[in-house]
There are 2 protein chains.
Amino acid sequence: MKFNSKTRYGLRTMLELSLRENMGGGILQKEIAENQDVSVKYLDQIIASLKAAGLIVNAGGKKSGYRLNRPSGDITIYDVYLAFEGDLSIIDCLSPGKECPREQNCVLRMFWSNLNIIIRSRMEAVNLSMLAEDYRRVGDTLKLE
Amino acid sequence: MKFNSKTRYGLRTMLELSLRENMGGGILQKEIAENQDVSVKYLDQIIASLKAAGLIVNAGGKKSGYRLNRPSGDITIYDVYLAFEGDLSIIDCLSPGKECPREQNCVLRMFWSNLNIIIRSRMEAVNLSMLAEDYRRVGDTLKLE
DNA sequence: CACTTTTCCTACTATTTTAATAGGATAAAT
DNA sequence: ATTTATCCTATTAAAATAGTAGGAAAAGTG
């Protein structure tokens, strides 16, 4: 029962971009990779997913770095999660396309489904703008995580 | 981001035992295995974990089957989860003994920690007695899940 | 223009986790 | 005496995870 490292690194990346929102220009992969102590190559894949999900774009040309594609207040943690996972289903029979004939009267499925909604709701309730604000308030001056 | 099958089977097993609470006697591994379409051998391991966690005991002698060791109202879903997992930490740095020097000002850790608490709280809020009641109300007459 | 750097894109791999199976010892009931 | 249920450990096949590697394409730099 763990979130994977791509989601974690992806979120830290998105937080970095949020902190530089509206400051003009972008941040280079290299710079992000250094801040997070992760190889440029691995971050490469993470950036690719964030881009494919439409969450970030190149700031200018190709060597201009990245910036958010939407205001940080419009990007939730769940949005970032979906860039890496497709969907959130804490057990298989909750996955789209895996309907179970017993889903109407399986009390355990009901519990899991309910928990699934609670988790998703929480992830949808927090956006990058809120994280950036917390970051400044808490005085987090170190490199990310 | 999935719960594993042992926790799922374990919960179904516990629900079966709850449905027969106070009816005298116990249920045999074999019977549970048949109801859940899982091999007796695999269920063996699941039963062993539930026993080791002190959640179930032999009803009488060795061939008398199993029963709950506490009233179903005193056993939460989180208790059953712990029989298989040790602890609930949705990311590594939340695990006991994995303290991070930045834990006071890492805003992402704060988010994960908060979500972790929400998940655990929900699992602690539901007990087997509640599941059994739901089961009867919903009219779940089929074999489990 | 030659060179370097950054991005882009795909394949591969090593490790760990997961979901089981298998084998057999022990104990109890028939 | 035999069967059957429990108990206990080891093994395994498959999937997921975390990360490396290789190199093409594009863009900026001297």
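Just so we're on the same page: letters track the sequence lines, and every chain starts at 1.
Applying the 4.0 Å criterion to OP1 and OP2 of dT4(D), one finds that Lys30(B) has every side-chain N and O outside that range. The phosphate of dC8(C) has OP1 or OP2 within less than 4.0 Å of a side-chain N or O from Tyr66(A). The side chain of Tyr9(B) contributes an N or O atom lying less than 4.0 Å from OP1 or OP2 of dA20(C). Proximity of Asn58(A) to the phosphate of dC8(C): a side-chain N or O atom is located under 4.0 Å from OP1 or OP2. Not one side-chain nitrogen or oxygen of Ser39(A) sits closer than 4.0 Å to the OP1 or OP2 atom of dG19(D). OP1 or OP2 of dA18(D) lies within a sub-4.0 Å distance of a side-chain N or O belonging to Ser5(A).
Atom-to-atom, CG of Asp44(A) to C1' of dA25(D) comes out at 13 Å; the value is rounded to the nearest Å. Summarising the geometry, the separation between CG on Leu43(B) and P on dT21(C) is reported as 12 Å, rounded to the nearest angstrom. Between Phe3(A) atom CZ and dA16(D) atom P the separation is 17 Å, expressed in whole Å. In this structure, CD1 of Ile56(A) is placed 11 Å from C1' of dT7(C), rounded to the nearest angstrom. The CG-C1' distance, from Asp92(A) to dA16(D), rounds to 13 Å in whole Å. One atom, CG of Asn4(A), and another, P of dA15(D), lie 19 Å apart when rounded to the nearest Å. Remark: C1' of dT9(D) and OH of Tyr42(B) are 16 Å apart, rounded to the nearest angstrom. Per the geometry, CZ belonging to Arg8(B) stands 12 Å off P belonging to dT18(C), to the nearest Å.
The hydrophobic clustering, which links ILVMFWY residues whose side-chain heavy atoms are closer than 4.5 Å, places Val38(B) and Ile47(B) together. Met1(A) and Phe111(B) end up in the same hydrophobic cluster when Ile, Leu, Val, Met, Phe, Trp and Tyr side chains are linked at under 4.5 Å.
The environment of CD in Glu133(A) is sparse: at most 12 heavy-atom neighbours from other residues, nucleotides or ligands sit within 6.0 Å.
For the pair Asn35(A) (side chain) and Ile32(A) (backbone), a donor-acceptor distance under 3.5 Å is absent. In this structure a side-chain-to-backbone donor-acceptor pair under 3.5 Å is present from Ser121(A) to Ile117(A).
Side-chain proximity of Lys63(A) to dT5(C), dA22(C), dC8(C): nearest is dT5(C). Comparing dT6(D), dC9(C), dG24(C) against the side chain of Lys41(A) picks out dC9(C) as the nearest.
Residue contacts shown for Leu28(A) are limited to sugar-phosphate atoms, with no base heavy atom under 4.0 Å away.
Under 3.5 Å, the side chain of Gln45(B) and the base of dT21(C) form at least one donor-acceptor pair of N or O atoms.
When each of Lys6(B) and Ser64(A) is assigned the nucleotide of DNA chain C with its nearest heavy atom, Ser64(A) is the one assigned upstream, toward the 5' end.
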